[in-house]
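Notes follow the structure.
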Amino acid sequence: MSNVVSDNLPDAAGHFGPFGGRYVPETLMHPLQELEQEYFRAQQDPSFQTELSYYLREFVGRPTPLYFAERLTRELGGAKIYLKREDLLHTGAHKINNAMGQILLAKRMGKRRIIAETGAGQHGVATATVSAMFGMKCVIYMGAVDCERQALNVYRMKMLGAEVVPVTAGQQTLKEAVNEAMRDWVTNIRSTHYILGTAYGAHPYPVMVRNFHRVIGDEARRQILEQEKRLPDLLVACVGGGSNAIGLFYPFLEDNSVRMLGVEAGGEGIFPERHAARFQGGSLGVLQGTRSYILQDENGQIQSTHSISAGLDYAAVGPEHAWLRDQKRVDYSFATDDQALKAFVGLARLEGIIPALESAHAVAAVWELAPKMSKDTLIIVNLSGRGDKDVSQVATRIKL
Ligand SMILES: *Cc1c(COP(=O)(O)O)cnc(C)c1O
């Protein structure tokens with residue numbers, strides 16, 4: 001089964017089985033082809049890899065620890081739990097792995113202007129950060145509703161010298177911000193690179209973003225072999241677009257003994273428009289450049305979604321995840337808002353680590369599973385980010 005999975009996907013047109021591809025207007029075809037060529041050239045170029053490793057080490061803060069969560073393990077009373085500490089990276093989440101990779105690519109391509117979409121603002125902050133660092137002009141598109149909900153991140157981006165453009169179309173959230181970023185890209189293609197923030201969109205983005213994040217799994221694999229002298233039994237990560245999860249999973253795909261679990265946002269439960277678990281209520285469709293599982297009604301209208309964590313709150317999932325699920329190589333479950341909140345507080349109290357609400361969904365799944373597993377089972381949970389950004393929101397839900 002797993003050699004099927006890892007046969008160097010995707011194909012030349014960016015398909016993961018029936019998923020993925022490049023569903024864009026004609027005007028975007030050429031920029032995507034140019035990007036694809038430059039990316040694969042850079043990937044083969046040792047000097048690009050050396051430069052990327054240098055900045056990941058010296059600026060981003062890699063490698064991150066693989067930390068044995070001793071008190072959490074004891075509390076749950078079953079499997080031995082390790083945390084991959086992406087929360088310790090500069091700007092507080094895994095997103096900067098990809099932002100750094102793409103800005104080095106932009107520099108190589110001679111682009112001096114950077115654009116990005118952002119939902120909660122984490123990808124916007126990561127992009128504004130690397131843009132400041134390389135002296136590039138940076139424009140971030142963000143839904144007007146999100147701008148209000150995430151005012152602190154808007155201010156952070158501006159502090160870093162970025163221009164933040166509030167998008168007032170439609171629901172005024174992430175989907176509309178992506179549309180606006182694509183429109184900008186078409187118009188300013190000569191000067192501009194679009195740093196897309198997750199393992200989603202038209203080819204080559206899903207494969208490129210995955211490859212910039214696979215450092216998470218490469219490190220975790222080395223670290224667990226060092227610390228435990230064997231591979232883990234289970235990997236767990238939350239799934240929004242899917243970048244932190246595929247980054248952890250990818251280097252283990254050929255290891256048949258390693259099971260994997262992606263955790264989506266179950267929101268207030270699996271009722272229409274009250275969650276963002278695409279593998280629960282979703283169906284096959286095309287959205288923003290790619291073919292995947294999408295939350296849509298019978299007419300193909302994109303449904304609104306809900307999650308306590310803005311980073312998981314998107315109507316579609318990355319195409320590689322759709323494929324891995326169809327292949328039954330990766331399992332997908334969901335955690336509700338309440339379960340995530342419980343894990344958020346639980347991890348803070350037991351381990352002294354306040355996780356991002358997104359990451360708390362992965363921890364919540366472990367909360368359910370670990371007690372049922374034997375003590376010699378090894379779990380690695382991806383702690384994709386830290387929870388400082390979420391504290392004020394949690395305070396409205398939990399009285400201390
Ligand atoms: C954005 C974000 C996510 C969700 O995005 P993926 O591409 O699915 O990883 C998860 N965790 C954190 C901390 C984030 O900022």
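Atoms within a ligand are numbered from 1 in the order they appear, just like the ligands themselves.
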With heavy atoms of [X] as the reference, note each atom of ligand 1 found under 4.0 Å away.
X: C238; result: 10 (C)
X: H94; result: 2 (C), 3 (C), 9 (O), 10 (C), 11 (N), 12 (C), 14 (C)
X: A356; result: 13 (C)
X: G242; result: 6 (P), 7 (O), 8 (O)
X: G385; result: 13 (C)
X: Q122; result: 15 (O)
X: G240; result: 8 (O)

For ligand 1, is there an atom lying under 4.0 Å from some heavy atom of H213?
no

Report yes or no: does A245 have a heavy atom closer than 4.0 Å to ligand 1?
no

Less than 6.0 angstrom from the centroid, inside 45 degrees of the normal: does R210 satisfy that with respect to the ring of Y250?
yes

Count I, L, V, M, F, W, Y as connected when their side-chain heavy atoms are under 4.5 Å apart, and connections chain through other members. Are L369 and M260 then in the same cluster?
no

Which residues satisfy the salt bridge (charged side-chain N to carboxylate O under 4.0 Å, His left out) test with E268, sequence neighbours excluded?
R274

Nearest protein heavy atom to [atom], by residue and atom, and its distance?
atom: atom 15 (O) of ligand 1; result: K95 NZ, 2.6 Å
atom: atom 11 (N) of ligand 1; result: S384 OG, 2.7 Å
atom: atom 7 (O) of ligand 1; result: T198 OG1, 2.5 Å
atom: atom 4 (C) of ligand 1; result: G311 O, 3.3 Å

E38 bridged to K111 by N-O distance under 4.0 Å
no

Would E358 and K389 pass as an ion pair if we require N to O under 4.0 Å?
yes

Not counting sequence neighbours, which residues clear side-chain contact (heavy atoms from CB on, under 4.5 Å) with A395? List them please.
none

Report yes if A199 has an N/O atom closer than 3.5 Å to an N/O atom of ligand 1; otherwise report no.
no

Give the minimum heavy-atom separation between I302 and A315, together with the two atoms involved.
CG2-CB, 3.5 Å

Parallel, tilted or perpendicular for F68 and Y82, by the 30°/60° rule?
tilted

Taking CZ in R57 as the centre, count heavy atoms belonging to other residues, nucleotides or ligands within less than 6.0 Å. Is the count above 12?
yes

